[in-house]
S.K.: 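I am attaching a structure below and will ask some questions about it afterwards.
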Amino acid sequence: MEITVEVNGASHSADVEPRTLLVHFIRDTVGLTGTNIGCDTSSCGACTLHLNGEAVKSCTMLAVQADGQAVTTIEGLADGEQMHPMQEAFMNCHALQCGYCTPGMVMASVSLLDENPNPTETEVRVGLEGNLCRCTGYHNIVKAVLSASGGGK
Amino acid sequence: MIPVAFDYVRAGSADEALAALGEHGDEAKLMAGGHSLLPMMKLRLAYPSVVVDIGRLNDLSYVNDGGDHIAIGALTRHRDVETNDLVQEHAPLLAHATSHVGDPQVRHRGTLGGSLAHADAAADHPSVLLAMGGSVVARSAAGGERVIDAADLFAGFLESSLEPTEMITEIRIPKHTGEGWNFQKFNRRAQDWAIVGVSAQRTNGSAKVALVNMAPTPIRATAVEEALTGGATAAEAAEQAATGMQPSSDLNAGVDYRSHLARVLTRRALQEAGIE
Ligand SMILES: Cc1cc2nc3c(=O)[nH]c(=O)nc-3n(C[C@H](O)[C@H](O)[C@H](O)COP(=O)(O)OP(=O)(O)OC[C@H]3O[C@@H](n4cnc5c(N)ncnc54)[C@H](O)[C@@H]3O)c2cc1C
Ligand code: FES
Ligand code: FES
């Protein structure tokens with residue numbers, strides 16, 4: 001089936017099998033490999049990207065479901081050389097070690113602040129419950145999100 | 001993991017979706033948010049030959065005031081249910097339980113109609129519908145429409161009483177009367193499904209209690225309700241929570257532990273709902 005998805009502002013058309021997962025379309029067809037596949041069973045959040053501005057797990061969506069919609073991946077957050085404030089906060093707070101969870105974590109965090117610009121620490125922890133990190137123990141991730149939030153400035 | 005190949009039909013209206021169901025019968029599956037169906041298809045536990053995508057039926061995403069009830073479109077996503085003013089005011093149990101479903105990403109995709117049609121004993125919404133005495137409106141490919149009470153909706157393990165050619169269009173929830181309610185969900189990790197859960201809703205002096213994961217289907221704790229009607233205290237009534245139940249045994253909990261959880265969580269739910 002012929003689909004057209006707007007990815008980070010650019011339109012991408014391709015002929016895909018209906019069973020193609022969105023994450024495979026993004027990684028293999030569009031060629032943007034920042035979005036990771038971790039569990040492939042909707043548990044870890046590594047594949048989180050934005051569909052029409054909201055965080056979703058792209059291993060649990062079909063590419064055909066994104067036809068005609070706007071997707072933002074981790075590659076689309078920065079403005080040229082200028083990192084997105086959330087990326088900067090992750091860097092400044094040492095919110096990553098191996099970095100595998102990071103693209104999904106950052107995308108989930110941006111979506112969280114869009115919905116709740118001044119979260120409490122508990123709200124950040126609960127808001128990131130769909131994203132697993134095996135390295136950091138989460139504390140620095142929570143710090144980063146709080147520092148990027150309205151309340152942290 | 002990718003699903004078995006299938007034909008994809010994107011419905012532009014409920015009529016188109018029903019026509020596709022009429023044409024393909026039980027070869028076809030509706031896909032709303034896809035957050036139960038697609039994981040099952042990836043694991044090849046489900047392999048419909050036709051997927052009918054109803055995810056874009058925006059006219060079935062709404063919350064309306066229906067007088068004595070609120071009417072929620074079947075395609076309303078969890079996030080939109082949880083944050084809706086009418087739901088928060090008139091069905092606080094539903095708003096609260098919905099905010100505990102999965103994680104934000106799941107709630108951006110999953111729909112109330114999909115949760116109920118999936119009829120999973122481990123899911124949260126069926127217990128809410130049972131405790132609030134709600135119903136669903138089902139439209140059929142043959143043209144008719146019927147209202148199915150929560151009590152008649154859950155037929156078996158992952159099986160609703162919907163016909164393969166029927167589609168839920170609306171969910172109706174009687175308005176909360178201002179009496180107590182509570183939702184308990186016990187799990188080991190954030191984001192997980194309930195190991196056991198309890199929805200309790202008081203209405204006009206009596207209470208309905210429904211349990212998550214205590215039987216092959218979502219289920220009312222009738223022994224608890226009857227004990228309360230007979231004058232038992234919350235603590236006494238909660239002792240009946242596992243009576244007549246058939247909980248499963250899995251790596252999270254055995255039958256004894258699930259039964260214990262049901263009693264403890266039911267007591268908490270009743271007491272938090274204001275029953276002495
Ligand atoms: C990681 C993860 C965690 C989750 N955690 C929880 C949790 O804690 N608690 C919980 O309750 N749920 C949980 N869920 C399930 C989630 O709530 C699903 O969104 C929901 O069960 C199904 O809704 P859906 O719209 O995605 O349905 P779909 O997956 O699209 O459909 C599910 C079934 O219902 C049928 N169907 C869908 N819509 C209709 C309709 N309108 N009429 C008739 N049939 C229909 C489909 O044909 C299919 O058989 C979780 C899911 C994931 C992926
Ligand atoms: S890869 Fe999608 S949630 Fe883990
Ligand atoms: S930094 Fe390694 S998984 Fe999070």
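Naming: A, B, ... by sequence-line order, numbering from 1 per chain. Keep in mind that what you see is a predicted model, and the values were worked out from it rather than measured.
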S.K.: Which bit of B/Val51 is near chain A, if near means a heavy-atom gap under 4.5 Å: side chain, backbone, both or neither?
M.R.: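 Interface part for B/Val51: neither.
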
S.K.: Report which part of B/Met41 has an atom under 4.5 Å of a heavy atom belonging to chain A: side chain, backbone, both, or neither.
M.R.: neither

S.K.: Would you mind reporting whether B/Arg77 and A/Glu54 have side-chain heavy atoms less than 4.5 Å apart?
M.R.: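 With C-beta onward as the side chain, the pair touches.
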
S.K.: Measure distances from B/Arg189 to the heavy atoms of chain A and classify the residue's part below 4.5 Å as side chain, backbone, both or neither.
M.R.: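 Interface part for B/Arg189: neither.
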
S.K.: If we ignore hydrogens and angles and just use 3.5 Å, is the side chain of A/Lys57 paired with the main-chain N or O of B/His35 as donor and acceptor?
M.R.: no

S.K.: Is there a side-chain hydrogen bond (donor to acceptor under 3.5 Å, both in side chains) between B/His108 and A/Glu115? Walk through the geometry before answering.
M.R.: CA-CA 12 Å; B/His108 284 145; A/Glu115 287 172 0; 2.6 Å; yes

S.K.: So which of B/Arg107, B/Arg79, B/Gln105, B/Met31 has the largest heavy-atom pair count under 4.5 angstrom toward chain A?
M.R.: B/Gln105

S.K.: Is there a side chain to side chain contact (heavy atoms under 4.5 Å, CB included) between A/Thr60 and B/Arg109 once you walk through the steps?
M.R.: CA-CA 9 Å; A/Thr60 311; B/Arg109 296 293 301 164; over 6 Å; no

S.K.: Would you indicate whether B/Arg44, at its atom CZ, is surrounded by more than 12 heavy atoms from other residues, nucleotides or ligands within a distance under 6.0 Å?
M.R.: yes

S.K.: Hey, could you give me the OG1/OH distance between A/Thr20 and B/Tyr8, rounded to the nearest 0.5 Å?
M.R.: 12.0 Å

S.K.: Verify, without hydrogens or angle tests, whether B/Arg56 (side chain) and A/Gln65 (backbone) share a donor-acceptor contact under 3.5 angstrom.
M.R.: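 Such a contact is found between B/Arg56 side chain and A/Gln65 backbone.
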
S.K.: Short question: side chain of A/Asp40, backbone of B/Met1 - any donor-acceptor pair under 3.5 Å?
M.R.: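 Yes, because the side chain of A/Asp40 sits within donor-acceptor range (under 3.5 Å) of the backbone of B/Met1.
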
S.K.: Looking at B/Pro3, is its backbone amide N or carbonyl O close enough to the side chain of A/Arg19 to form a donor-acceptor pair, meaning the two atoms are under 3.5 Å apart?
M.R.: yes

S.K.: Are any of the side-chain heavy atoms of B/Ile2 and A/Leu21 separated by less than 4.5 Å?
M.R.: yes

S.K.: Write down the atom of B/Pro39, the atom of A/Ser42, and the distance for their closest heavy-atom approach.
M.R.: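 Looks like CG-OG, 4.1 Å.
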
S.K.: Using non-hydrogen atoms and a 4.5 Å limit, figure out which bit of A/Leu51 sits close to chain B: side chain, backbone, both or neither.
M.R.: side chain

S.K.: Indicate yes or no for a side-chain donor-acceptor contact from B/Arg10 to the backbone of A/Val64 under 3.5 Å, with no hydrogens or angles considered.
M.R.: yes

